[in-house]
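Remarks on the structure that follows.
Both counts, for ligands and for their atoms, begin at 1 and track the order of listing. Position 1 is the first residue of the sequence; numbering continues from there.
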Amino acid sequence: MKASRKLTLKLAAPADTAPIATMSRELIEHGLPWTWTPERVARKLAQPDTLVLTARDAARLAGFAIMQFGEERAHLSLFAVRPDCQRQGVGRRMLDWLTESALTAGIASVHLELRETNLGARRFYLKQGFAETVRIPGYYRGVETAVRMLRNIGVNT
Ligand SMILES: CC(C)(COP(=O)(O)OP(=O)(O)OC[C@H]1O[C@@H](n2cnc3c(N)ncnc32)[C@H](O)[C@@H]1OP(=O)(O)O)[C@@H](O)C(=O)NCCC(=O)NCCS
């Protein structure tokens, strides 16, 4: 049975900050210094221009996303799905939810950076309509290259 069948998407609560930070360290920042600490995630929860989204399968945190909204651009800062929930549509559903929110907010494009070596996530974003725009050597602590990706979502694109 696919975990996505019972998935609930909702904004994060303060109790989610520690599990989100732990997932970020293990799934996104592995091998790099831990920057997405519980305190930093908690600050994002309090920022009016930022959405912290969670996906739950029953009582478990299956995934999360942090997206910051500008006037016309949104930046997807953090995005992850628990390993045992991956390839079941959880990431796609969170991204659809965020895209709907961004469209409602008048956003024209969504931007993100990710590790060049993260081929699985690059394929995921390509599949969701993102395009790779530029490589940024040394983006991560001066040692690791990032790939910047962009998806135009505005009505005129
Ligand atoms: C990238 C990630 C968020 C994808 O989440 P997910 O819930 O597994 O993705 P979905 O199940 O919605 O995948 C949708 C489609 O994207 C593509 N896709 C997803 N993961 C993929 C992978 N590892 N390799 C190739 N294609 C992939 C597939 O086309 C997939 O459809 P399919 O399973 O029917 O073939 C997840 O792998 C993850 O959390 N990785 C670790 C953290 C990370 O890298 N975050 C992104 C950088 S911040």
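In summary, the atoms of ligand 1 found under 4.0 Å from a heavy atom of Tyr125, numbered by their order in the structure, are 46 (C). Distances below 4.0 Å separate heavy atoms of Val90 from the following atoms of ligand 1: 7 (O), 12 (O). In the vicinity of Gln88, heavy-atom distances shorter than 4.0 Å reach the ligand 1 atoms 11 (O). Of all atoms in ligand 1, listed by their number and element, those nearer than 4.0 Å to a heavy atom of Leu27 are 41 (C), 42 (C).
Considering backbone and side-chain atoms together, Asn118 places an N or O closer than 3.5 Å to an N or O of ligand 1. Between Phe79 and ligand 1, at least one pair of N/O atoms sits closer than 3.5 Å.
With a 4.0 Å cut-off on non-hydrogen atoms, Val81 touches ligand 1 through its backbone as well as its side chain. When non-hydrogen atoms are compared, ligand 1 lies under 4.0 Å from the backbone of Arg92 as well as from its side chain. Only the side chain of Gln128 comes within 4.0 Å of ligand 1, judged by heavy-atom distances.
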field: salt bridge (Lys or Arg N to Asp or Glu O under 4.0 Å) between Asp16 and Arg56, intermediate numbers included
entry: CA-CA 11 Å; Asp16 295 317; Arg56 281 194 169 68; 2.3 Å; yes

message: Assess the residue pair Ile66 and Leu51 against the criterion (side chain to side chain contact (heavy atoms under 4.5 Å, CB included)); give the C-alpha distance rounded to whole Å, side-chain angles, the decisive distance to 0.1 Å, and a yes or no.
response: CA-CA 6 Å; Ile66 298 182; Leu51 279 182; over 6 Å; no

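Side-chain contact check for Thr35 and Glu29: at least one donor-acceptor pair (N or O, by modelled atom type) lies under 3.5 Å.
Side-chain contact between Arg148 and Arg135 is absent, with no heavy-atom pair separated by less than 4.5 Å. Put simply, the side chain of Leu76 reaches to within 4.5 Å of the side chain of Tyr125, judged on heavy atoms.
The option from Arg87, Arg123, Glu26 that lies nearest to atom 31 (O) of ligand 1, judged by heavy atoms, is Arg87. Here the shortest heavy-atom distance to atom 11 (O) of ligand 1, taken over Ser24, Gly89, Ala62, belongs to Gly89. Between Ala121, Gly91, Gly63, Gly120, it is Gly91 that holds the heavy atom closest to atom 6 (P) of ligand 1. Heavy-atom proximity to atom 13 (O) of ligand 1, evaluated over Phe64, Phe124, Trp36, is greatest for Phe124.
Clustering ILVMFWY residues whenever any of their side-chain heavy atoms sit less than 4.5 angstrom apart, transitively, puts Met149 in the very cluster that holds Ile153.
Taking all atoms of both residues into account, the shortest heavy-atom contact from Met94 to Leu53 is O-CD2, 3.8 Å. In terms of heavy-atom proximity, Ala102 sits nearest to Met67 at CB-CE, 3.9 Å.
Side-chain N or O atoms of Asn118 include one that pairs as donor or acceptor with a backbone N or O of Ala121 at under 3.5 Å.
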